[in-house]
Amino acid sequence: MRRTVFNEDHEAFRETIRAFIEAEVVPVYDEWFAAGQAPREFYYKLGELGIFGINVPEEFGGAGMESHKFEAVLYEETARAGVQFGGSGVHVLLALPYIKMLATDEQKKRFLPKFVTGEEMWAIAMTEPGTGSDLAGMKSTAKLSEDGTHYVLNGAKTFITGGVHADKVIVCARTAAPTAEDRRHGISLFAVDTKSEGYSVGRKLDKLGLKTSDTAELAFVDVKVPVEDLLGEENKGFYYLGHNLASERWGIAFGAYAQAKAAVRFAKQYVQERTVFGKPVAHFQNTKFELAACQAEVDAAEAVADRATEALDAGELTPAEAASAKLFCTEVAHRVIDRCLQLHGGYGYMNEYPIARLYADNRVNRIYGGTSEIMKSIIAKDMGL
């Protein structure tokens, strides 16, 4: 089936990204994997390439696009090569929408030019030890000072992707207590400078997968945050978080589909080269049937991912549709990647093969951005159940 989601501009961008990955990432990726993070300098290269500015208005140094299709190409090309761009995905997919939606003109002038170049990398800190998907249960607080010039931030966050290299972090904290009617009330968002006194990065977390993205624990002890760095209105943070969940879940869905597609590519190449009992593994009927079934699932996931992309670009992707796309694509990827690893035999369990890394990287897709169980709850509610 012919895809219609991408045009000539997207395909030209694809060629540029593929060449960049082959030249700048593949030769050093094993070093990143061993180190547990991409080097900070790599993000400057992404800035020079224009990756960070695609959806940033031209007046702030960006390309002024209003489309997620270039991000989709990035998902496909990184998965195809079996690599990750460190923790930079959070910078663009998660942090940028909040800046564009909530920042004042003055804040945008301060934040966006350095965002585009990679001079300032951004992360977002929502999850806390003990809260998980229940963001309304967060305990971090930001209290306005008596003179009204700054907030005093205290608390801790965990599972913060990009947290080691981040220069700015969007921190969610309570500025008021929850009410009896609405426990989500009282959360606000702040753009926190990581060089602030009292701000500290704790452990760099040792994850099962996504080894090249720096994920950390953060702690705040009497961190002074200028009132000028409040994003949006006070106490409306939970609404803002919900507003951007559709795009976040789209990203996870599309990334998972791209990983499943890459897994089939890796497995097809392996079984054609690997010989067993004097014949290529691809010669056996079971191999053909397994890969055929995987390809059919990937085709279905591609259709779902493309449809969600078009809806997102049109501003029509509903929370339930985003949840459905995330649930379907991540579950497909789980099945497909597992079957493709099986076709590699014992070598599929070795990290030197991209299928092993892909298997580990993919597992978190059914957890972050809302677990599969949360997605089912959202879909069921939309069905009136």
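We number each residue from 1, following the sequence as shown.
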Do [Y] and [X] have ring centroids that are under 6.0 Å from one another?
X	Y	result
Tyr151	Phe190	yes
Phe254	His68	no
Phe42	Trp32	yes
Tyr349	Tyr359	no

Look at the aromatic rings of [X] and [Y] and report parallel, tilted or perpendicular, splitting at 30° and 60°.
X	Y	answer
Phe52	Phe115	perpendicular
Trp250	Tyr75	perpendicular
Phe6	His10	perpendicular

Side-chain ion pair, [X] and [Y], N-O less than 4.0 Å:
X	Y	answer
Glu302	Arg3	yes
Glu310	Lys69	yes
Asp167	Arg40	yes
Lys45	Glu24	yes
Asp214	Lys204	no

Item to complete: State whether the side chain of His344 and the backbone N or O of Cys340 hold a donor-acceptor pair below 3.5 Å, judged by distance alone.
Response: yes
Discussion item. Treating Tyr240 as the side-chain partner and Glu233 as the backbone partner, does any N or O pair qualify as donor plus acceptor under 3.5 Å?
Written reply: yes
Fill in: Verdict with supporting geometry, Leu343 and Glu290, side-chain contact (heavy atoms from CB on, under 4.5 Å)
CA-CA 8 Å; Leu343 288 173; Glu290 283 292 284; 4.2 Å; yes
Discussion item. Hydrophobic cluster membership, with links at side-chain heavy-atom distances under 4.5 Å among I/L/V/M/F/W/Y: are Leu144 and Leu231 in one?
Written reply: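 No, Leu144 and Leu231 fall in different hydrophobic clusters.
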Worksheet item: In Å and rounded to the nearest 0.5 Å, what is the CD1 to OG1 distance from Ile21 to Thr16?
Response: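 The distance works out to 11.0 Å.
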Fill in: Chi angles and distances behind the side-chain contact (heavy atoms from CB on, under 4.5 Å) call for Ile187, Asn235
CA-CA 5 Å; Ile187 294 172; Asn235 300 328; over 6 Å; no
Worksheet entry | Side-chain heavy-atom pair Thr78, Phe85 within 4.5 angstrom cut-off |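 A side-chain contact exists here, since the closest heavy-atom pair is under 4.5 Å.
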[atom1] ([X]) with more than 12 external heavy atoms under 6.0 Å:
X	atom1	answer
His243	NE2	no
Gln285	CD	no
Lys261	NZ	yes

Practice prompt. Kindly indicate, with the supporting measurements, whether the criterion side chain to side chain donor-acceptor pair (under 3.5 Å) is fulfilled by Thr141 and Asn154.
Written response: CA-CA 5 Å; Thr141 61; Asn154 284 281; 4.9 Å; no
Worksheet item: Stepwise, does the salt bridge (Lys or Arg N to Asp or Glu O under 4.0 Å) test hold for Arg335 with Glu297?
Response: CA-CA 9 Å; Arg335 293 191 296 269; Glu297 289 217 73; 2.6 Å; yes
